[in-house]
Amino acid sequence: MLDIKMIRENPEKVNELLKRRNPELSIDAILEVDEERRQIQTKADELRAKRKNESQKIGLMKKNGENTDSIQEEVRLLGDEIKSLEEKQVELDEKQRDMLLRTPNIPDETTPIGASDADNVEVSKWGEPTKFNFEFKAHWDLCEEKNIVDFERGVKLSQSRFTLYRGKGARLERAVINFFLNEHTEKQGYEEILPPFMANAATMTGTGQLPKFKDDMYKCVDEDLYLIPTAEVPVTNIYSNEILSEDDLPKYMTAYTPCFRREAGSAGKDTRGLIRVHQFNKVELVKLCTPETSPEEHEKLTEDAEDMLKKLNLPFRRVALSSGDIGFSANKCWDLEVWMPSYNTYKEISSCSNFGDYQARRANIRYKDKATGKTRFVHTINGSGLAVGRTVAAIIENFQQEDGTIIIPEVLRPYTGFDKI
RNA sequence: GGAGACGUGGCCGAGUUGGCUGAAGGCGGCACCCUGCUAAGGUGUUAUGUGGAGCAAUCUGCAUCCAGGGUUCGAAUCCCUGCGUCUCCGCCA
């Protein structure tokens with residue numbers, strides 16, 4: 001959520017930056033509501049102050065045995081007036097909050113300006129796209145051949161885009177999860193978190209999924225609970241409505257969770273294989289830090305994610321998302337894309353975003369600044385470290401051999417217990 | 001799931017015959033003072049949100065005693081609902 005005071009003081013600047021994201025965005029309507037809201041509040045405050053004084057007066061008069069009938073009637077009428085103003089005020093408060101909650105974060109100055117993913121900028125590359133001197137296969141074909149993912153029965157059990165891993169496939173998936181978690185916790189200093197896989201509406205609002213992206217999520221029928229689309233949601237919200245000490249920062253947290261996404265609006269895209277499914281596994285990296293350190297913490301987190309790809313020896317590149325393509329809550333985002341032979345291109349495997357204080361303001365996550373003694377909003381950062389299903393798909397495709405076997409990367413072998421499939 | 005108890009500031013804990021209590025007291029924290037060091041002691045300070053004034057330091061109004069409603073001139077205090085915690089019983093991986 002953007003800071004209403006900041007918007008009030010820099011309306012042109014905010015509009016200009018928002019239009020980099022989408023030319024139709026504007027905060028003008030919010031400012032109109034804000035103006036009216038403040039007028040009502042001032043008026044209501046005055047009347048409440050009056051009622052307070054008068055009521056105290058009544059108390060004293062009663063003590064002295066005076067008759068208070070007329071003044072009581074007067075204050076009762078005042079109460080009616082206050083009540084109607086309060087109703088109006090609540091209405092405007094909610095309206096303003098809703099408008100702010102539906103307004104995306106403003107892009108960082110360093111985010112490349114552009115309208116869509118076509119304007120994203122490749123900034124670095126590691127390794128070379130895998131070359132084959134034989135007819136290579138797509139991971140979905142290899143998976144079926146080796147019976148390590150049973151796509152058809154996954155569909156039977158649930159619906160399309162649900163997968164059933166089995167045998168060495170299931171073991172490989174679990175090995176990748178454990179490898180990532182061990183690296184993040186033992187070598188990179190993150191605290192392991194195992195959060196609930198369902199979260200309530202307040203939590204979903206904190207990170208930005210609600211109110212705008214309700215239709216992207218799975219919702220429980222009889223409860224105010226949603227299946228999480230990413231571990232970012234519960235993990236970032238761990239400290240919602242709390243004030244941390246500056247000494248507690250930065251917080252490094254990592255979590256494995258399954259992720260549930262309805263993928264509404266992506267019909268026809270990536271319909272085969274493990275790339276786009278309704279339930280997938282992911283290990284997430286989340287940081288809370290001070291505003292001063294957030295750019296460098298963002299960079300370090302991205303490097304931590306890149307480190308996983310390097311250790312697996314998977315070719316990848318880093319892309320700076322353009323202002324038209326970054327996520328709703330982010331002000332800056334690097335995508336890591338892994339080489340996927342079947343697509344003959346790089347596919348997103350991690351998205352490392354800096355949210356500034358946007359999520360912290362929504363979730364109300366603050367800290368006490370030591371130097372000034374003031375409470376400030378933390379900055380939140382997160383990134384996939386990495387998407388597990390896509391990692392498995394990349395391993396299967398990039399490390400397939402002419403004889404039809406798949407070589408398991410060295411670093412995973414202690415986890416899989418086998419060196420090829 | 002059934003029965004009961006409870007929900008106050010960073011923590012503990014007063015306040016429940018409604019009124020001057022944003023809230024006593026203690027602990028902790030912070031600042032300063034004092035004792036040559038340490039232990040101890042003294043003084044002060046110590047919530048959040050939001051509106052207004054001011055360049056600012058700051059001053060000031062309003063709100064907040066789990067949340068939301070209600071009663072009343074006036075509610076931390078009374079009533080209702082929800083959420084949560086604890087105890088006992090039942091059930092269960």
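Naming: A, B, ... by sequence-line order, numbering from 1 per chain.
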| message | Can you measure Tyr367(A) atom OH to U48(B) atom C1' for me and round it to whole angstrom units? | response | 17 Å
| side-chain hydrogen bond (donor to acceptor under 3.5 Å, both in side chains) assessment of Thr111(A) paired with Asp108(A) | CA-CA 5 Å; Thr111(A) 290; Asp108(A) 187 76; 5.1 Å; no
| said: So that I can tick it off, tell me whether Glu246(A) and Arg366(A) are bridged by a salt bridge, with the cut-off set at under 4.0 angstrom between side-chain N and carboxylate O. | reply: no
| said: Looking at Arg261(A) and Asp216(A), is there a salt bridge between them, counting it only when a charged N and a carboxylate O are closer than 4.0 Å? | reply: no
| remark: The answer to which of Thr42(A) and Thr375(A) contacts RNA chain B further toward the 5' end, by nearest nucleotide, is Thr375(A)
| request: Look only at the side chain of Asp270(A) and the backbone of Ile275(A), and say whether a donor-acceptor pair between them is shorter than 3.5 Å. | output: no
| said: What's the gap between U87(B) and C73(B) when it is taken at their C1' atoms, as a whole Å value? | reply: 42 Å
| task | Could you measure between the two P atoms, the one in U58(B) and the one in G28(B), and give it in whole Å? | result | 28 Å
| query | So what's C37(B) paired with, Watson-Crick or G-U wobble, going by both distances under 3.5 Å? | reply | none
| message | Mind checking if Lys368(A) touches a base, just sugar-phosphate, or nothing, with heavy atoms under 4.0 Å? | response | sugar-phosphate
| query | Got a salt bridge between Arg276(A) and Glu348(A), using NZ or NE/NH1/NH2 to carboxylate O under 4.0 Å? | reply | no
| message | Work out how far the C1' atom of C33(B) is from that of U16(B), and round it to whole angstrom. | response | 42 Å
| Separation of Leu225(A) atom CG from C83(B) atom C1', in whole Å? | 13 Å
| Identity of whatever pairs with C88(B) - Watson-Crick or G-U, under 3.5 angstrom | G2(B)
| said: Looking at Arg48(A) and Glu86(A), is there a salt bridge between them, counting it only when a charged N and a carboxylate O are closer than 4.0 Å? | reply: yes
| message | Using the C1' atom as the point on both nucleotides, what is the distance between U48(B) and C66(B), in whole Å? | response | 15 Å
| query | Looking across every strand, which nucleic acid part, if any, lies under 4.0 Å from Lys5(A) by heavy atom: base, sugar-phosphate, or nothing? | reply | sugar-phosphate
| message | Between P on G51(B) and CD on Gln89(A), what's the gap in Å once rounded to a whole number? | response | 10 Å
| Residue met sooner reading RNA chain B from 5', once Gln96(A) and Arg366(A) are mapped to nucleotides | Arg366(A)
| message | In whole Å, I'd like the distance from the NZ atom of Lys374(A) to the P atom of A47(B). | response | 12 Å
| remark: Readout for nucleotides 61-82 of chain B: B = base within 4.0 Å of protein heavy atom, S = sugar-phosphate only, - = neither; 5' to 3' it is BSS------S--BS--------
| Spacing of Leu244(A) atom CG relative to G10(B) atom P, expressed in whole Å | 14 Å
| query | Who passes side chain to side chain donor-acceptor pair (under 3.5 Å) against Gln89(A), sequence neighbours left out? | reply | none
| message | I'd like the P distance from G19(B) over to A24(B), given in whole Å. | response | 16 Å
| What pairs meet the ring-ring contact (aromatic ring centres under 6.0 Å, His included) rule with one or both residues in residues 208-235 of chain A, with sequence neighbours excluded? | Phe213(A)-Phe328(A)
| remark: Taken to the nearest whole Å, CZ/Arg361(A) to C1'/U48(B) is 15 Å
| task | Can you tell me, in whole Å, how much space there is between the C1' of C20(B) and that of U77(B)? | result | 16 Å
| field | Complementary nucleotide for U43(B) - Watson-Crick or wobble, under 3.5 Å | value | A31(B)
| said: Both distances below 3.5 Å, Watson-Crick or wobble geometry, any strand: find the nucleotide opposite G68(B). | reply: C80(B)
| query | Taking the six-membered ring of Tyr256(A), is the NZ or CZ of Lys282(A) close enough (under 6.0 Å from the centre) and on axis enough (within 45°)? | reply | no
| task | Determine the Euclidean distance between corresponding P atoms of A67(B) and G10(B); express it in Å to zero decimal places. | result | 13 Å
| said: Base, sugar-phosphate or nothing for Thr68(A)? Non-hydrogen atoms, less than 4.0 Å. | reply: nothing
| field | Nucleotide opposite A53(B) in a Watson-Crick or G-U pair, distances under 3.5 Å | value | U58(B)
| request: Mind calculating the distance between CD (Glu35(A)) and C1' (G52(B)) to the nearest angstrom? | output: 13 Å
| request: Searching all strands shown, indicate the nucleotide that pairs with G22(B) (Watson-Crick or G-U wobble; both distances under 3.5 Å). | output: none
| field | C1'-based separation of U50(B) from C55(B) [nearest Å] | value | 22 Å
| request: For the side chain of Arg8(A), starting at C-beta, report the closest nucleotide among G51(B), G49(B), C20(B). | output: G51(B)
| Nearest-Å distance for atom pair CD/P, residues Glu9(A) and A56(B) | 9 Å
